[in-house]
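In the text below, chain A, chain B and the rest are named by the order of the sequence lines, each starting its count at 1.
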Amino acid sequence: MNFGDGETMNFEERRKQAIVEWDALQKSPKPRILVGAATCGLAAGTEQVITAIKNELARLNLDALVTRVGCIGLCYAEPIVDIIKPGRPRITYSKVTPEIAIQLIRDYLVNDNPHPDLAMGTQGEGGIEGIPKFWELPLLKAQIRVSLRNCGHIDPESINQYIANGGYKGLENALKMTQEQVIDFTKKSGLKGRGGAGFPTGQKWEFCYKATGKDKYLICNADEGDPGAFMDRSLLESDPHSVLEGMLIGAYAIGTQHGYVYCRAEYPLAIHRLQIALKQMKEYGLLGDNILGTNLCFDIKIKEGAGAFVCGEETALMQSIEGKRGMPRPRPPFPANSGLWGKPSNINNVETWANVSVIFDKGADWFASFGTQSSKGTKNFSMAGKVVRTGLIEVPMGISLGDIIYEIGGGIVGGKQFKAVLTGGPSGGCLPASLLDLPVDYESLNQAGTIMGSGGMVVADEDTCMVDMARFFLTFTQDESCGKCVPCRVGTKQMLEILERITQGEGVPDDIRRLEKLCNTIRSTALCGLGQTAPNPVLTTLRYFREEYEEHINKKYCRAGVCSKIVKSPCQNACPAGIDVPRYIRFTQQGKYGEAVAVIREKVPFPAVLGYVCVHFCEAKCRRGQLDEAIGIKELKRFAADHDTGIWKQNNKIAPPTGKKVAVIGSGPAGLTAGFYLAKKGHKVTVFEALPVSGGMMRVGIPRYRLPDEIIDREIKEIENVGVEIKLNSKVESVDDLFKQGFNAVFIGIGAHRGLNMGIDGENSLGVVDGAEFLRRVSLGEKMKVGEKVVVVGGGNVAIDASRTALRLGAKEVTIVYRRTRAEMPASAEEVEAALEENIKIEFLTNPTKAISEKGKLKVEFVRQALGKVDQSGRPRPVPIKGSEFTREYDMLIKAIGQESETPAGFGVKTARAGRIEANEDSMITSREGVYAGGDVVSGPASVIEAIADGRKAAVAIDKYLGGNGAIEEILASVEVPPKYVPPEIEGEQKRLSLKMVPVRERLSNFKLAELGWDDKQAGYDCSRCLRCDLEAH
Amino acid sequence: MADINLTIDGKQVQAKPGMTVLDAAKLAGVYVPTLCFHPDLAPYGACRLCIVEIEKMRGLPTACTTPVTEGMVVKTNTPQIQQFRRGVLELILTEHPHPCLTCWRRERCGPFDVCLRNVDVTHRCVLCPKNGICELQQVVDHIGIEQVEFPYVYREIAIDRENPFFERDYNLCIVCGRCVRVCQEIRGVGAIALTYRGSNALPGTAFGRALLDSDCQYCGACVDACPTGALIERNRKWEGAGERKVLTTCVYCGVGCQLNLTIKNGKIIESVPARENDVNRGQACVKGRFAIADVVHSPERLTKPLIKKNGKFEEASWDEALNLVASKLGSYKKEEVGIVASARCTNEENYVTQKFTRVVFGHNNVDHCARL
Ligand code: SF4
Ligand code: SF4
Ligand code: SF4
Ligand code: SF4
Ligand code: FES
C-alpha cells in the first residue's frame, strides 16, 4: 500500500515529538509521582491521596510531576503510588493513605529516606537497599505483560505516551502488508479469541474478509459481565489506544468501514477514556478517511450497553446495537456473513484487540513464543475470592492453576484450606484441589469441565459450600437469561428451585438425577452460549464435590456451615458430635453450670476431657472469629465441667435389659462412647482393654500436664455407672472367640499406637525412640532417661507432647525439626505456643537423613528443605536442598511423624494401609457382619471428639442391628424457651482473654496441669461475646 | 438459482435456496414439531422443539432457523432427538397447565363433566377455548408425554379483559413470541414486546400499561398467531372448533381482504384473515377481524331497501327502489345532482359510480365516505 507523503510525514513527526517528550520526561530533573487511577485505585481512595500529595507539594514548595496512570494489576494493594527521583529507580508503594503519601514526600523527596518498610519494590535500573525488585516479587515473577504492557506505566489519556512506547507501530507495519498477509500473520501468531470461546482470530477475520458485501462492520466487545471480572475495564481504563489500534488493524485486514465499541454503561471511566482516545485519533489522522495516507477509511462509535449479561453474546450484542431487545439469534447465518444490520461483521473482545496491536509491533513469532503448543500467548485473569492477593494478572498460557493461586495469589486468606477455583464465571466450572496441577489452556480446562472464559477467576476456601456456590451462579444465569428459549428460561429456573431446596435441607435423593437430566437438556438444546454453559457450575460441582450434595440431601449437613436453614450455628455444625454450643454458652452465662454440662452430655460422655484437650473444630468456624477472635468454646466447656452439679443425672435414662451382649475392644474414647450409649439402650457391654489402664490415647497419648488422671477417672466412672464393664489387661486377638463367648456384636476401637518409620538409615539406632511409645511408657509410670539434648522429628501434636514431656523428664535442650514451615504445621496453635514458651526450639524446613549411634551419643544428619510446588493437599511440597546437609549430636531422637494401627489378623476384617480398618462412614460397620469399628483405627490418628463421634454412630447402628430403634438422642438439660434475639452490642474489637498458665519455671519439674482455667468472671465475659448464631433475628 | 438437494430422514428433497430445513421437511412430507415457528415470521428458534441432527454440524440445530445447503443430511427423529425434544417439551409444560394434556381421558371429557382427577378448573384443557385447536395439544399428542417430573407453577396473573375484542390470559402463555413478532414485524406497530428477563419474561405493553394506552390497533394479528389459549377472541370464546370455513371478501372496504369465516350452527363465529392470497396475506383491520359476525347477525341489519312512505320507512324490492331513484334523478337539473359513494363498495363499483356521474351528469360532483 502506498503512503501519501504529506500525511505520513505528519505522523512521523508526531511520533518523533512523542518520543522526545517521553525521553525528556524520563530524564526530567523533577521527581515524578505516578498514581494508579483506574476504578480499583479510585475506589481505594486515590483521589484523596492525590489531593494530599498536591497540597503537600505546594506547602513544601516542591516541584514534582504528578501523573495519573492506569492499573498495574495489584488491586488489593491500591492505592498504589510510584515515586521516581532523578537518578534513582522507580519505587512502588502500596496501600498508600493520604498520611503515608505526605510522609513519603517529606521523608523521601525531601530527606532521601526511601522507606523500605512501606515500599513494595523497585522498577528500572539500579536498586535500593532493603527494597526488592518489583518484577521479582513472587506475585509478578510468573507474569508476562503482553496485552497489559502499558498498564500502570503510561498516562491513559495521553496518546503521545502511547506512541512513544511503540504505539501505532503495529498499525504501520500492518498497512505495509496486503489484507491477506495481515490475516496470515495473525493466524501465524496463534492468537485465539480471548472472550471465552477461543476461536482462532485470524480465521475469524478471514471469514468476514471473504464474505460478499460492501458494508462490513467491526466490533469490540467490551460488555464484560461475569461477576467478579474486571480485566477489560482495567485495560480500557489504563491503555485504551492498545485496543483501538488493534481494531484499526482488524478493520484493514477485513476491509470494514464502520467500527463499534460496545461497552457497558457501568464503566463510565472506561467510556470517558475511550472518548478521549477517539478524539486524539481523529486529530492524528488515525480515524476517518485515508488513515495515515492510505486508503483505509474507518470510524469508531461507542455504544453503551445497558448492562444485560446476555449482550456479551455476539448476536445479542448486535441486536442491542440495532436498538432491539438484546436476544441472541441462532447461527447460521454467522455474523461473518450476516451480522450487524444484516451485514458481514466481525467481533472480538477487548483483550484480543490489545493483543493484536502488539503482535504487529513485536511479531507473530514473538507472541507465539509464549504459552503452549495449542494455546499461544498470555491470558488476563481477574482474581477474586478468598485469595490473599486479588487483582488483575497476565500469565502465559499453560501455567498451572496452583501457581496462579499460590505463587501469584499468595494462597488462601487466613491460612484456610483451598477448596475450589472457578474459571469462566457463571459459564464455567469449579475445579478441586486435585486439579491444581492443571495447566491453564483452552483444551485442559474444557476437559476438566470448565472453560477459559473471559478471565474471571474466583477462589473458594473451605468455608464455601459448593452447593451454595452452584446455587449462586444459577441465580445469576437465571436472572440474566434473556428469556427467549425454553431450556434456558425454564430449565435454569427448575434447576435453581432444586438447588434451593437442597440448600434448605429439603432435598430428596432423586434430585441429583433430576439435576443431571436438566443439565443435559439445557446444555444440548439451549439457543446460545449463555444457556448452553449455564449448567457448568452444577455439572462440575456434581463431578468434583458430589459428596457435598449428598450430605445436604441425606444428612441435612453443610460441611462449610453456610446453608443457614440446616446450620443452626457454625460452631455446632463444625463439631463432629454436634454439641449445641450456643445453648451451653447461654446456660454458663446464666450461672447454670450443671445445665451447661447436661447440654454437652446430650452428645458426649466426656465433657471434662473435651474441655481440657479438645482440638475445637468449632472455634475455627466461630462467627465471632470473623469479627475479632473466636469464642473460647473449649475453655468454657472446661469451666462448666469443673463446676458440674451433676444435674444431668436426673434425666439420664437407662433402658431395661435387652438380653443382648456387646463386646468393645479398646477403652479409648470411641469404644467407651459406643459402650456408654449401648449400655443405656439396655445392652450388656464388656470393654476389653489390653493395657493395665483404661482411656486409650486419652490416658497414654496425652500427657498428664494437659489432662490429669482424675478428670479421666471421673468420666469413665460415670460410664461404668450405666453398666459398662471394663476388663483391663485383656488383649483380644480374635473376634470369633468373642462371638463364641456369646457376644452378639463387636465394636473395635483399638486406636493407632505404633509410630511410623522415617525411612532413613540408622532408624533403629540406640537412642532413637518412637514418640507414641515414649508417651505411653511415660504415662504408664516408667521413668524414661532422655539425656540432655533431645531432638523430636515431626510437626503434629504428638511431636509437641513428646518434646514437652522430654523437657519435664530433665532434658536441657529440646529441638523439634519439621520439614515444612509453621504455616503448615498440623499441631494446634496453642500447643505450639506453649512449647515455644517452654523454650523448645523449632527448626523448620529441616529433615533428618541418617542417624548413627556412636559412643552413647547419637549423630544425626539433617538436610534443609525448600518449599516447592503446592501439592494436592494445598500445601507446598518440601524439596531437599542439595549440599545443605549438616550433622548434630543428641542423646535422643524421638520420631513423631505419624502412627499406624496393629490390627490382629484374627479380627477377620478388611484393612487398608497402616493397619486401618475399612468401615462405612455412617454406620461404622466393617466388612464383617456384626462387627463395627471407629476411632483412630479407622481414621488414622485423629482427635478425641472425632473418636466420640464415631462411637455414637456405631452405637446407633449396633442398637439397630440388635433390634433396637437406634435412638440415642436425649434431652438432659431443661429445654429453654430461646430468649428473643437481641444482637449483642459490639463496640470495637473485644478479644478473647488470654489463658492463665502456670509459670514456666514451676511447670517444667513436674507433670502438673499447665493451663489454669477461667474463673466465673472471665467465663462470663467470654459468654457475653457469643453472637448466638442459633437464634434467628426477627 | 438452482435447486438444493438434501436428504431428510433418508428422503431426497429438492429445496429452493433460502428455504430452511423445516421448509424442506414439509416438502418431503416429514413432520417436525414446532411451536414458535410461524410461516409469516422471520426465523426465531425459541421453543427448541424442531431440533434435528445434521451431519457435519455441531450440536442440535433447529430446523426452523437453519438454511438448507447442498448435500445436507438431516435426521429429525433419532433417539437422541426424541429424548431432548421430550425434555424441552416437559419444560414448556412446567409453564403451562397440563393435567389434561397428560390425561388419557381428555378427548372424552366435556367442559362440564366432573374431572376424575380433581383438576382445578383453571388448569383444565377441556375448559380452554382453544381445546381441540391448540397447537400445544397437537405437539404434546405427537411427542407424547406421560408425566412432567418438574413442578408446574401457575403464574397467577389476572386475565386482561380490558378491551372488547380479545382477552389476554398470560397464565397460558408459553412465551413463543409469536404475538410480539407479528405485531412488530408484520404490523409494524410494536404495541407489545417481550418484557423482563429470565423466567419472568412475558409479552406485554411498555411499562405494563393497558393495551388501550399502547399503540394497539386491535387488528387481532397476535390473537391469530398465538398457538395457545393465551390470546382469545372474546366473542368466539366458548364456541369450540366450528363446523366449516367459508372464504369470503371483507365487505367493509374496497381493499378486498380475504377472510375465512368459521361457521357453526349456520352462524359466523369468527372471521380470520386468510393467508393464501396476495391482498391481505393473513392480515386484516379491526373491522374485518372482529366486526363481521356481529354485523352479519345483527337484528338491526338492513337486508332490503327501504322507501319512506307517509313518513315511515317501508321495505321494498330492489326494482322498486331503483326505479324510484331513476325517476327522481330525472326530475332534477344535472348540476343539482351530487353523488356520494360508499367505501364499502368495490373499486369497480366506485369506478362505475364516478364514470356515471361524469358521463351522465357531466360534472365532478362525486365524493366518497372514506374521505370524511
Ligand atoms: S440460552 Fe438463554 S440467553 Fe440464550 S437465547 Fe436462550 S434464553 Fe436467551
Ligand atoms: S459466636 Fe457463638 S454461636 Fe456463633 S459460632 Fe461462635 S460460639 Fe457459636
Ligand atoms: S391487536 Fe394488532 S396491534 Fe394490537 S397488539 Fe395485537 S398485533 Fe399488535
Ligand atoms: S401470548 Fe401466545 S403468541 Fe404470545 S408469546 Fe404467549 S403463547 Fe406465544
Ligand atoms: S419451531 Fe423451531 S425453535 Fe420453535
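Within 6.0 Å of the CZ atom in B:Arg281, the count of heavy atoms belonging to other residues, nucleotides or ligands does not exceed 12. Other residues, nucleotides and ligands contribute at most 12 non-hydrogen atoms within 6.0 Å of the NZ atom of B:Lys75.
The distance from atom CD of B:Gln83 to atom OG1 of A:Thr525, rounded to the nearest 0.5 Å, is 10.5 Å. Rounding to the nearest 0.5 Å places SG of B:Cys176 at 12.0 Å from NZ of A:Lys484.
The pair A:Lys493-B:Glu95 does not count as a salt bridge, with every side-chain nitrogen at least 4.0 angstrom from each carboxylate oxygen.
Only the side chain of A:Gln494 comes within contact range of chain B, with heavy atoms under 4.5 Å apart. Only the backbone of B:Tyr196 comes within contact range of chain A, judged by heavy atoms closer than 4.5 Å. Heavy-atom distances place no part of B:Thr69 under 4.5 Å from chain A, backbone and side chain included. At a 4.5 Å heavy-atom cutoff, B:Pro61 makes no contact with chain A through either its backbone or its side chain. The contact between A:Arg514 and chain B is made by backbone and side chain atoms together, counting heavy-atom distances below 4.5 Å. Contacts of B:Ile174 with chain A are made by backbone atoms alone, with heavy-atom separations under 4.5 Å and no side-chain atom involved. Of the atoms belonging to B:Ile51, it is side-chain heavy atoms, and not backbone ones, that fall under 4.5 Å from chain A. When heavy atoms are compared at a cutoff of 4.5 Å, B:Gln184 does not approach chain A at all.
Shortest non-hydrogen contact noted between B:Thr66 and A:Pro332 is CG2-CG, 4.2 Å. Listed here is the closest heavy atom pair of A:Val486 and B:Arg48: N-CG, 4.5 Å. In terms of heavy-atom proximity, A:Leu527 sits nearest to B:Gly45 at CD1-O, 3.2 Å.
Your options are B:Leu49, B:Val88, B:Leu89, and the one with the most heavy-atom pairs under 4.5 Å with chain A is B:Val88. Interface remark: of the candidates B:Pro67, B:Pro151, B:Gly87, B:Cys47, B:Pro151 forms the most heavy-atom pairs closer than 4.5 Å to chain A.
Considering only heavy atoms from C-beta on, B:Ile92 stays 4.5 Å or farther from A:Val490 through its side chain. Counting heavy atoms from C-beta outward, A:Pro330 and B:Pro43 have side chains that stay 4.5 Å or more apart. Contact annotation: the side chain of B:Leu91 approaches that of A:Leu518 to within less than 4.5 Å [non-hydrogen atoms, C-beta and beyond].
When each of A:Gln478, A:Glu497, A:Arg489 is paired with B:Ser199, the side-chain hydrogen bond (donor to acceptor under 3.5 Å, both in side chains) condition holds for A:Gln478 and for no other.
A donor-acceptor distance shorter than 3.5 angstrom exists from the side chain of A:Arg325 to the backbone of B:Leu194, with no hydrogens or angles considered.
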